[in-house]
Amino acid sequence: MTNSSQDERTGGAALEAARREKLHKLEAMGIDPWGGRFDSHAPIRAIRARQNEIGVEPGGEGATGKPARPRGPKVRAAGRVVLQRKTGKLIFLDIQDWTGRIQLFLGKKQVGEEGWAVAQCVDLGDLVGVDGELNRTRTGELTIFAERLHFLTKALAPPPAKHKGLQDPELRQRLRYLDLIHGEGVLERFLRRTRIVQSVRQTLGAEGFVEVEGPTLHAVAGGAAARPFTTHHNALDIDLYLRIALELHLKRLLVGGMERVYELGRVYRNEGISPRHNPEFTMLEVYQAYGNYETMMELTERVILEAIRATGQDRKLTWGGKPLDFTPPFERATYDELFARHTGADPADADALGALAMELGLDTQGKHPDVIKNEIFEQKVENRLTGPVFVLDYPASICPLTKRKSGRPEIAERFELFICGMEVANAYTELNDPELQENLFSRQLAGLSEDDSMARMDRDFVRALRHGMPPAGGLGIGIDRLVMLLTDSQTIREVILFPLLRPEADA
RNA sequence: GAGGCUGUAGCUCAGUUGGCAGAGCAACGGACUUUUAAUCCGUAGGUCCUGGGUUCGAGUCCCAGCAGCCUCACCA
């Protein structure tokens, strides 16, 4: 209250001190500044939907001849104060819950002496509840005319700029809670992510797939070409890896008779961070006995189209300002076809590949030709695939877990789905020949270190195959990337609530 | 891991050739019973990311470091 006490304080501390003072005033009035149970309030969206109940009652035209004031329904709301306009003996508050915003009208006369005193203690960012009449102001703004104000929680820290919110991308990620409150469309984006995930589960469930939870601690980090995080179990005194894929355990379940099985969960890869990569991300893997990669292609389309429907979007949407058309069937083209189309070179012509590799400055020393070819593909072709396009039939030598095309052992029955230059899905006709599998595991691909190879020997997995895994199709979908596409997000950090950041130095 | 950009009040941002550290919002005091980013008068608020260096003088120039973003590499 006194200026002298603030002279010693600076910046943010002064802002907090002002809020603390109001907190103490509330306590002095016998009001708990941290609130408590507050029942039977309606979502603001539902309250706004009742605006058609506002009206003049029949026979309301009074004896005075003046038109009767329209009456509105009594409502109860709760939310965060995001805007405040004080005009003498009136206060307008805009409160926000996770369904919307609405204006509150607080009049000194209308809320009474105590209510008015409470209102003086409200800051931006506080949580309040209100009982009042839903009606309109003179200017027509839908408003709850407060009869009673309930103080629910004090915010000691001030909110960011009331309209712009947080702009610094680092702060938006570290202080995601503030980004959710104040960021334009941020809460909606993450709720949409939840709807997409729910839709995926629903689609698979409706087709008879069962969801399971495999181990995240693996003795052998297999199923993908990625470097794992390592950890240690003290009691067993063994090093373990965080899983980099779901694949090998789901296939064991296929052996065990789970004919349609999936897991939707987090995997961890100890690799770089980029607008498309986070060290932990959400992966869906689906396995269907007696299917193949074509079965999986059709399933992929259904899963994605249902997710689009679940988010209330049209099949024709835009991403980053560019049109994107999900009308099925998605384009299907072979790896070699696309290679030729986008490089102008014959993928079977070793000299042409060599020239391309030279042009791109690739290190070809001791590498298998297919590895070089794939590096060219990744650099020259993938980013041009706006898609959605299914890329079919990969070189077998880069696919150690995949069944070969019958009569063409150099081709693997694999597809990847590319959309906007991103790999969104990856699927195989699964290899179920235990001896070939063991052979591929033990054979290091020329030019690839063990870290870079998908082929880490997993003897227990080979043993499982020896008991007979049904022929099957397997599918992986990068959920974060799918969410990026369906929320028009340009970076993966926009769709992960708490992406990995370096810890703050002093925190 | 390499290169580029960014870091100034609680938040959003200016800051000229190197010459007293600025604005809007938020806060505090005052006026106002229908506001809409309310308005009006006044007050306070700074580790200019950190550490060195050049200079009479550094937010500004140089070096190193930290963090974030972008591009590339790795990867999905």
Side-chain angles (χ1 to χ4, degrees), chain A residues 1-19 21-22 82-94 101 103-110 116 123-125 135-143 145 155-175 178 182 224-227 244-245 267 269-279 281-284 361-363 375 378-379 382 416-418 422-426 449 451-452 454 476-482 484 490-493 499 501-506:
Chain A
M1 193 53 65
T2 58
N3 282 340
S4 62
S5 69
Q6 279 166 34
D7 289 343
E8 296 139 34
R9 303 191 185 106
T10 58
L15 295 181
E16 178 173 331
R19 285 163 181 265
E21 221 159 314
K22 291 172 187 168
V82 290
L83 284 176
Q84 196 176 24
R85 295 175 289 282
K86 296 191 173 187
T87 74
K89 299 189 179 65
L90 284 185
I91 300 175
F92 293 90
L93 297 178
D94 285 9
R101 278 189 188 192
Q103 173 171 272
L104 308 188
F105 174 104
L106 297 167
K108 186 173 183 182
K109 229 183 216 169
Q110 290 84 343
W116 191 246
D123 284 305
L124 291 179
N135 214 318
R136 291 183 185 283
T137 59
R138 278 180 203 162
T139 52
E141 178 82 14
L142 191 66
T143 299
F145 288 81
L156 287 177
K162 58 189 181 186
H163 294 288
K164 292 195 160 186
L166 288 176
Q167 292 297 311
D168 181 344
E170 179 180 354
L171 285 180
R172 290 185 46 218
Q173 292 163 45
R174 286 195 199 280
L175 313 181
L178 290 182
H182 300 282
R227 290 160 60 183
I244 58 172
V267 299
R269 298 190 180 177
N270 202 343
E271 277 156 1
I273 296 172
S274 85
R276 310 214 180 331
H277 300 86
N278 192 61
F281 63 100
T282 301
M283 176 90 118
L284 167 73
L362 296 178
D363 175 18
E375 285 180 12
E378 285 171 359
Q379 287 199 30
E382 288 187 356
E416 293 192 314
L417 173 63
F418 279 89
M422 283 193 290
E423 184 192 332
V424 174
N426 183 10
S449 70
D451 265 357
D452 294 333
M454 213 185 280
I477 293 182
I479 294 295
D480 311 87
R481 289 180 175 178
L482 180 62
M484 284 171 69
Q490 309 307 301
T491 78
I492 200 166
R493 287 182 293 272
L501 292 172
R502 268 181 207 280
E504 289 174 272
D506 55 337

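Worth knowing before you read on, the calculation uses all heavy atoms, side chains too, and leaves out hydrogens, waters and symmetry mates. Since this is a predicted model, take the numbers as computed values, not measurements. Below, chains carry the letters A, B, ... as their sequence lines are ordered, and counting in each starts from 1.
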Requested in this report: Measure the acute angle between the ring planes of A:F145 and A:F105, then classify it against the limits of 30° and 60° as parallel, tilted or perpendicular.
Outcome: tilted
Report summary line: With the side chain defined as heavy atoms from C-beta on, A:T491 is closest, among B:A73, B:U33, B:C70, to B:C70
Query - Listed nucleotide nearest any side-chain atom of A:P275, set B:C69, B:U34, B:C70 - result: B:C70
Requested in this report: Using Watson-Crick or G-U wobble geometry with both distances below 3.5 Å, tell me the partner of B:U43, or none.
Outcome: B:A27
Query raised in the report: Of all the nucleotides listed (B:C69, B:U33, B:C11), which has the minimum atom distance to the side chain of A:Q173?
Result: B:C69
**Report entry** Name of the residue among A:R85, A:Q84, A:R101 meeting side-chain hydrogen bond (donor to acceptor under 3.5 Å, both in side chains) with A:D94
**Finding:** A:R85
Query raised in the report: Side chain of A:Q84: nearest nucleotide among B:A27, B:U35, B:A76?
Result: B:A27
**Report entry** B:A73: pairing nucleotide in any strand, Watson-Crick or G-U under 3.5 angstrom
**Finding:** none
Report task. Can you check whether any acceptor in the base of B:U35 is under 3.5 Å from a donor in the side chain of A:E141, or vice versa? Result -> no
Query raised in the report: Taking all atoms of both residues into account, what is the closest heavy-atom pair of A:P159 and A:H182, and its distance?
Result: CB-NE2, 3.6 Å
Report task. May I ask you to evaluate whether A:Q379 reaches the phosphate of B:C72, defined as a side-chain N or O under 4.0 Å from OP1 or OP2? Result -> no
Requested in this report: Considering just the side-chain nitrogens and oxygens of A:K108, establish if one lies under 4.0 Å of OP1 or OP2 belonging to B:C32.
Outcome: no
Query raised in the report: So does A:T137 reach the base of B:U35 with its side chain, donor to acceptor, closer than 3.5 Å?
Result: yes
Query raised in the report: Taking the side chain of A:R269 as heavy atoms from C-beta outward, which of B:A26, B:U12, B:A76 is closest to it?
Result: B:A76
Query raised in the report: Picking from B:G10, B:C11, B:U33, which would you name as closest to the side chain of A:K89?
Result: B:U33
Report task. Pick the P atom in B:C61 and in B:A2, then give their distance to the nearest Å. Result -> 24 Å
**Report entry** Strand partner of B:U6, provided both Watson-Crick or wobble distances fall under 3.5 Å
**Finding:** B:A67
Query raised in the report: Who is the Watson-Crick or G-U wobble partner of B:A37, with both distances under 3.5 Å?
Result: none
Query - Residue mapping more 5' on RNA chain B - nearest nucleotide basis, A:L90 or A:K22 - result: A:K22
**Report entry** Sugar-phosphate only, base, or nothing, as touched by A:G478 at under 4.0 Å among non-hydrogen atoms
**Finding:** nothing
Query raised in the report: Does A:R502 place a side-chain N or O at less than 4.0 Å from the phosphate oxygens OP1/OP2 of B:A67?
Result: yes
Query raised in the report: Nearest of B:U34, B:C74, B:U12 to any side-chain atom of A:R138?
Result: B:U34
Query raised in the report: Roughly how many Å is it from NZ in A:K86 to P in B:U33, rounded to a whole number?
Result: 14 Å
Query raised in the report: Watson-Crick or G-U wobble partner for B:G57, using a 3.5 Å limit on both distances?
Result: none
Query raised in the report: Between B:A67, B:U35, B:U34, which one does the side chain of A:R85 approach most closely?
Result: B:U35
Requested in this report: Report the nucleotide, chosen from B:A76, B:G10, B:U12, that has the shortest atom-to-atom distance to any side-chain atom of A:Q167.
Outcome: B:U12
Report task. Under a 3.5 Å limit for both distances, which nucleotide forms a Watson-Crick or G-U wobble pair with B:G22, could you say? Result -> B:C13
Query raised in the report: Rounding to a whole Å, what distance do you find between A:L175:CG and B:U12:P?
Result: 10 Å
Query raised in the report: Taking only residues at least two apart or on different chains, which pairs with a member in residues 160-172 of chain A satisfy salt bridge (Lys or Arg N to Asp or Glu O under 4.0 Å)?
Result: A:E170-A:R174, A:R172-A:D179, A:R172-A:E494
Report task. Take A:L124 and A:T87, find for each the nucleotide of RNA chain B with the closest heavy atom, and name the residue whose nucleotide sits nearer the 5' end. Result -> A:L124
Requested in this report: Residues of residues 157-164 of chain A with any non-hydrogen atom less than 4.0 angstrom from an atom of RNA chain B: list those, numerically ordered, please.
Outcome: A:P160, A:A161, A:K162, A:H163, A:K164
Query raised in the report: Under the criteria of a ring-centre distance below 5.5 Å and an interplanar angle below 30°, is A:F281 stacked with the base of B:A76?
Result: yes
